[in-house]
Structure formats: C-alpha cells, structure tokens
Amino acid sequence: MNIELSGETSFKNSVLLVSTFAAFLTPFLTSAVNLALPSIGKDLHANAINMGWVISSFILTSAIFLLPFGRLGDIIGRKKIFRLGIILFTLSTFLIVFVNSIFSLIILRIFQGFSSAMIFGTSMAILTSVFQPGERGKAIGINITATYLGLSLGPVIGGLLTHYFGWRSIFAFLVPFGIFSLILIQRKIKTEWAEAVGEKFDWRGSVIYGIALASFMFGFSRLPSLPGWICIAIAVVTAVVFLFFENKISNPVFDIRLILRNRIFAFSGIAALINYSATSAIGFFISLYLQYLKGLDARTAGLIMISQPVAMTLLSPLAGKLSAGLILFCFINQATPDYVIVLLLLLMGIGFGLFSSPNSNAIMSSVEKRHLGVASGVVGTMRMVGQMMSMGIAMMLLSLYIGKQSINPATYPGLISAMRTGFIIFSILSVFGIFASLARHEKLS
C-alpha cells in the first residue's frame, strides 16, 4: 500500500513538474521579447506597428487555436497534444535565432503561438485530471506561480541577454529548456487522458471561431480606418454565427451551455478576459517608455519591469480592487522618477496576483471531466483573447498617434499620448472586471 501511494505521489509530482515547467516557458518569452523590442526594431529596421505585430502575431495565433486544441485533447489525448506543442515550440524558437527580417520573425512567432496553444490548451486539463478537488487549488496555484515567475524573470534575464549578447540570445536560451521538458514528458508521464474519446471534432466551428478572432484583431489594429471597421463588422457577424452554430450541434468545440447554465464558469471567464485586457499591453508600453523616453538600456529597464510580475508571483477574488492604480499611469511623463514606476507596477502586480489563481481554480472546478479540455482551453483563451484585445488597443493607439513612423524624438509626444489614452481605457476595463468577479459569487434570485 505504501509503495502504491509512493508511486502515485511520484506520478503527481512529475505531472506537476512538467506542467509547471511548460507554464514557465511562454510567459518568460513574452516578457523577455517585450523588453527586447527596441533592439529588435533597430536590428531588423521595424517601425512601431511592426514591433506591435511581433507580440500580437503570437497572441492572435494562440487565441485562435487554444480552444480547438483543448477540445482535440479531450478527444485524442491531452498528452499527445501537449508533447507535440513542446516539440513545435522548441523548433520554432530555435529557428528564430537565424531570422534576418521582421517578416520572417513574425512568421515564426505565428508558429510559436500555434505550438503554445497546444501547450496551454491542455496543461491545465492534465493537472485537473490528476489532482483531486481537495488538492487541485494548490496544484493550480503552483502552476500559475510558475507563469508569473516566467513573467518575473523574463525582463531581468531577457534584459541581461539582450544587453550583453543581443536579442537573439533570448530564443537560444530557451531551446535547452524545451528539450529538457520533452525528456521529462517521455520519462515521467506514461498516462494518457481522453475522456471524450470517440466524439467528433467540430472543424467547422473551429474555422468560424478562428475567422472571428482574426478579423477582430486585424480590424482593431487598423481602426479608425474603413478597412478596420469592415474587419470588426466581419468579426461580429462571424461571432454571432459561431454562437448560433455551436448551440445547434451535439459535439461543439465550445459548449455554449457551459456559459448559459454555469454562472461560476461564465463570470470567471469574463473576469479573466477583462483582467488580461486591462493589463497585457502594460509591459509593451512601459518597455518602450523606459528605453526610448527615459533612455535606459535593456538591462536597467528589465530590473524596473520585474516589480509587477514579482508581486504577482508572491501573491497569486480581488479582481481589480488594486488595478484601479492603472489610472495613476496616466500622469507619467519623461521626468517621472524611476521609483514611481516601480511602485505603480508593484501596486498592480499585487492586485492581479490575488486574482488569477482563485479564478482559474473556479473555472476548472465548475465543469465535468469530459469538458476539462474545453475548460482548460477557456482559461488559456480568455488570457490570450484578453492579451489580444489589450495589444489591439495599444496598436490602434500607436497607429492613431504615430502611424507607420519609427519611434524617435520627433514621435515621443505621440508615444506619450498613446500611453496615456491606453491607461485610461485599461483603467475603465479594470472597473468592469471588479463587477464580473463579484457577480460569480452572487446567488441567483
């Protein structure tokens, strides 16, 4: 009996280790690339919009494929999808080291986003399959802490690597970790999970869903031009078609009934969406601000930017009670002391760290086992769609205030205006996040 218990404990620890390790990779890369954007722009001759797409191409692709891969994992096996995601992520990361144009970089970032969707569309479902409700919260909390640890170390390590070895070294740095993760999966995880095996995969719904998200992102980044509004209109129409279609078929890629009949699931998902919409572009803006307007090098900027994710890591449903501090960012300018930036980032990090772990646990614990992949996909999708909306707002504002010009002293006033407008919008969103988080706890009358 003791041997069996020991074996079970070892298996659970192995699953937690592999899942946590994978959870670290993508956020580390995201925060590190944010910091390296000025160096990437200089090396590859990219303008502000191009640099925005270095981030947005990854986020958009992840958002499109997270939900389908979560559902596909339920059907054919979550470990299969998870392992393939690690392989493709490692390969695309390695190839980025050799790119020589901004276009090539964006293409490979799309492949990174595709593989990241495989990883995050299944990792939370695997954890939930292995850990029982009494221990699930702790496991998910550790997993989310690893995500924030990746966000924390990204600016520091990314800043040091960029400063001493160039931005390509960030991607080279991650390749051995991807290989090590594959070895752990091969040696430690022998079990497969597929509670929806035999059910049909909803290809048509997945395509409609992808068109809706892609149209929304492309349109948002081109507002207020006519093509931007056309893309937004296409996104709205296809979203309505998607919801109608998913409600009519027996095995949808996303079961609309989970939202209509499950209050906790619905409002936790909405709260996560709003939370990430209000926060994700902060790192993008602050990185540009510190390195362009304040004239700091990548190493110093990274040490400043670490303050927000460190607070998240230490404190991972107060979804926004402290995020109202976002409004204070509206008052920063070139003369703002560095310590003020650090304090504001810490304030936001505390608020967001107290939110994410309980919210994710609420989503994963509110559904049946056969929907765990979908729920895992929803957790990831809300994060990615929120990030996509946040970056969409940022790119729209850069387009309005700077256009396709490079960032230089002549466009610094436009950059400041874009940042201030963005922080006002993000502050308003965070207030809505408070109400969404509180609504899930209210009893139906």
Side-chain angles (χ1 to χ4, degrees), residues 30 48-71 106-107 109-110 112-114 116-117 120-121 202-247 252-254 256 259 266 269-282 284-285 374 377-400 418 421-422 425-426 428-430 432-433 436:
T30 300
I49 302 300
N50 293 148
M51 287 192 287
W53 276 111
V54 171
I55 304 296
S56 299
S57 57
F58 173 86
I59 295 171
L60 174 60
T61 313
S62 295
I64 289 174
F65 289 100
L66 261 167
L67 204 54
F69 278 132
R71 176 61 180 162
I106 291 173
I107 292 297
R109 289 285 285 167
I110 290 173
Q112 276 194 324
F114 181 83
S116 177
F120 283 98
D202 177 20
W203 293 102
R204 284 181 292 181
S206 298
V207 171
I208 297 171
Y209 172 77
I211 292 173
L213 283 184
S215 300
F216 179 80
M217 184 58 180
F218 280 110
F220 221 81
S221 66
R222 284 165 172 76
L223 291 177
S225 68
L226 180 60
W229 288 113
I230 291 174
C231 286
I232 293 293
I234 293 172
V236 171
V237 171
T238 48
V240 172
V241 171
F242 173 73
L243 294 175
F244 180 80
F245 181 77
E246 294 296 282
N247 198 38
V253 68
F254 179 56
I256 302 301
I259 293 178
I270 293 171
L273 173 65
I274 295 173
N275 177 62
Y276 288 107
S277 297
T279 63
S280 299
I282 292 172
F284 174 74
F285 273 139
V374 172
V378 166
V379 172
T381 299
M382 292 302 101
R383 178 177 65 247
M384 287 301 176
V385 172
Q387 290 177 357
M388 183 184 74
M389 291 177 65
S390 195
M391 281 303 301
I393 292 170
M395 291 175 67
M396 176 186 70
L397 294 173
L398 286 176
S399 179
L400 284 172
T421 306
I425 295 172
F426 298 150
I428 295 171
L429 284 173
S430 70
F432 286 104

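These values consider heavy atoms only, across backbone and side chains, with no hydrogens, waters or symmetry-generated copies.
- Listed here is the closest heavy atom pair of Ser277 and Ser390: O-OG, 3.0 Å.
- Heavy-atom minimum distance, Ala214 versus Ile64: CB-CD1, 4.0 Å.
- Looking at every heavy atom in both residues, Ala117 comes nearest to Ser62 through CB-O, 3.7 Å.
- The shortest non-hydrogen separation linking Ile110 to Thr61 is O-CG2, 3.3 Å.
- How far SG of Cys231 is from CG of Leu226: 9.5 Å, rounded to the nearest 0.5 Å.
- Proximity of a side-chain donor or acceptor of Ser215 to a complementary backbone N or O of Ala212 within less than 3.5 Å is not detected.
- Looking at Ile234 and Ile230, their side chains come closer than 4.5 Å, going by heavy atoms from C-beta outward.
- Side-chain atoms of Arg109 do not come within 3.5 Å of backbone N or O of Phe58 as any donor-acceptor pair.
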Working note: Ile55 + Met395, criterion side-chain contact (heavy atoms from CB on, under 4.5 Å); need CA distance, chi angles, decisive distance, verdict. CA-CA 10 Å; Ile55 304 296; Met395 291 175 67; over 6 Å; no
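- Between atom CH2 of residue Trp203 and atom CD1 of residue Ile208 there is a gap of 14.5 Å, rounded to the nearest 0.5 Å.
- Ring geometry for Phe114 versus Phe65: interplanar angle over 60°, hence perpendicular rather than tilted (30 to 60°).
- Side-chain atoms of Asp202 and Phe245, non-hydrogen and from C-beta on, do get closer than 4.5 Å to each other.
- In terms of heavy atoms, Tyr209 sits closest to Pro68 at CE2-CD, 4.1 Å.
- A 4.5 Å side-chain heavy-atom check between Leu429 and Ile393 finds at least one atom pair inside the cut-off.
- Here OG1 of Thr421 is found 10.5 Å from CG of Leu398. Values are rounded to the nearest 0.5 Å.
- Under the 4.5 Å side-chain criterion, counting only non-hydrogen atoms from C-beta, Ile232 is in contact with Phe216.
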